[in-house]
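The basis for the numbers below is simple: all heavy atoms, side chains too, and nothing from hydrogens, waters or symmetry mates.
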Amino acid sequence: MLAVRDLYAGYGNVTVLKGLNFDVPAGSIVALLGANGAGKTTTLRVISGMIRPSRGQVMYDGQSLVGLPAHALVKRGIVHVPEGRRIFAGLTVEENLLLGAFTRPWDQRTRESLEQVYAYFPRLKERRRQLGGTLSGGEQQMLAIGRAFMANPRFLLLDEPSLGLAPAIVNELYESIVRLNKEQGLTILFVEQNAALALDVAQFAYVLEVGSIVLGGPSGDLKDNEEVKRVYLGY
């Protein structure tokens, strides 16, 4: 579904990504691992149209995404949930969700999507009239993912979904993410600092170091890799 080839990108005169190459098969869950500053967030920003690469290609369903604005990519089914959730604190849960459907016509399918969000995240239904800013961190992350689902995505980008959350909430959150993949056929590319969790959830994973892929393949293979064990899994 997605092919990244010889990708270079950064901020001003600082090059962050240096010849990135990787693939995301349709219907898969793929993890990006690496230390802070390795280029994981920048990778997601390039794919979602927030940053234009200086060189290289991002191919989606065989067509180049380079140069297309972010809103055009949302209409193609690429939806990005950024680090930090970025919900609208002064709007209710349901108002936040409905904003996610801004690019869609309001019809029966949109109403069905809203009910699907509430089925995947029952806490959001309980708090549908509550202001987003009064939710817990875990509930806000559920809201951010639910809002993304309202855009009718085919390809979902998640940046550090577990950041700052209690372990029980993280498990609940990832259970819902896996269900979205299996039941909705969503292709998911996510960034995660918790390498052990990421390798349990993803079918494929890539390790970034200083803007380049240094390891990649099926998650089971990376779990058995001695370097991954030492640096990322702590044993």
Side-chain angles (χ1 to χ4, degrees), residues 1-4 22-33 40-41 43-50 58-63 65 68 70-83 85-87 96-104 107-125 138 140-163 170-192 194 197-206 218-219:
M1 179 177 251
L2 186 86
V4 173
F22 68 93
D23 298 297
V24 179
S28 66
I29 302 179
V30 177
L32 292 179
L33 309 177
K40 305 183 300 298
T41 292
T43 300
L44 298 191
R45 288 176 176 171
V46 171
I47 294 170
S48 64
M50 296 173 66
V58 179
M59 305 295 293
Y60 176 72
D61 285 343
Q63 297 183 330
L65 300 182
L68 295 178
H71 68 270
L73 301 188
V74 172
K75 290 184 177 181
R76 291 192 179 201
I78 300 172
V79 182
H80 185 178
V81 179
E83 181 183 344
R85 298 140 198 165
R86 311 282 181 90
I87 65 161
N96 269 274
L97 292 173
L98 294 179
L99 279 175
F102 181 77
T103 58
R104 302 173 62 183
D107 56 20
Q108 181 61 32
R109 287 180 299 175
T110 315
R111 283 187 282 271
E112 289 171 357
S113 292
L114 183 62
E115 291 308 314
Q116 285 177 319
V117 170
Y118 288 145
Y120 284 111
F121 302 107
R123 293 188 191 202
L124 298 184
K125 187 170 187 177
Q140 288 186 10
Q141 187 65 69
M142 293 173 189
L143 179 56
I145 295 173
R147 182 179 59 188
F149 183 78
M150 289 296 296
N152 195 29
R154 295 177 55 230
F155 189 94
L156 189 61
L157 305 169
L158 302 175
D159 195 353
E160 299 281 12
S162 73
L163 187 65
V170 171
N171 291 337
E172 181 181 343
L173 185 68
Y174 269 103
E175 285 175 4
S176 298
I177 290 170
V178 170
R179 283 184 62 201
L180 285 169
N181 167 255
K182 291 182 177 179
E183 298 174 8
Q184 301 295 328
L186 264 179
T187 304
I188 298 171
L189 176 65
F190 72 103
V191 167
E192 179 56 66
N194 185 335
L197 173 64
L199 293 174
D200 282 340
V201 170
Q203 289 107 30
F204 303 93
Y206 296 93
S219 296

Start with the C-alpha distance between L114 and T110, add both sets of side-chain angles, then the distance that settles side-chain contact (heavy atoms from CB on, under 4.5 Å), and finish with yes or no. CA-CA 6 Å; L114 183 62; T110 315; over 6 Å; no

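Take R179 and apply the side-chain hydrogen bond (donor to acceptor under 3.5 Å, both in side chains) test, not counting sequence neighbours, and it matches E183. Residues passing the ring pair (Phe, Tyr, Trp, His ring centres under 6.0 Å) test with F155, sequence neighbours excluded: none. Every side chain to side chain contact (heavy atoms under 4.5 Å, CB included) that P25 has, sequence neighbours left out, goes to S28, V30, F204. Taking D61 as the reference, R154 meet the side-chain hydrogen bond (donor to acceptor under 3.5 Å, both in side chains) condition, with sequence neighbours excluded. Under the side chain to side chain contact (heavy atoms under 4.5 Å, CB included) criterion, E175 pairs with no residue at all, not counting sequence neighbours. Among residues two or more places apart in sequence or in another chain, the side chain to side chain contact (heavy atoms under 4.5 Å, CB included) test is passed with N181 by I29, I188, Q203. Here A3 pairs with R5, D23, M59 under the side chain to side chain contact (heavy atoms under 4.5 Å, CB included) rule; sequence neighbours left out. Among residues two or more places apart in sequence or in another chain, the salt bridge (charged side-chain N to carboxylate O under 4.0 Å, His left out) test is passed with E83 by none. For R104, the salt bridge (charged side-chain N to carboxylate O under 4.0 Å, His left out) test picks out no residue, with sequence neighbours left out. For F121, there are no ring pair (Phe, Tyr, Trp, His ring centres under 6.0 Å) partners at least two apart in sequence or on another chain. Applying the ring pair (Phe, Tyr, Trp, His ring centres under 6.0 Å) criterion to F22, with sequence neighbours excluded, gives Y206.
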Show which side-chain atoms of residues 75-82 pair as donor or acceptor with protein atoms under 3.5 Å away, not counting sequence neighbours.
| residue | atom | partner | partner atom | Å |
| --- | --- | --- | --- | --- |
| R76 | NH1 | Q63 | OE1 | 3.4 |
| H80 | ND1 | S48 | OG | 2.9 |

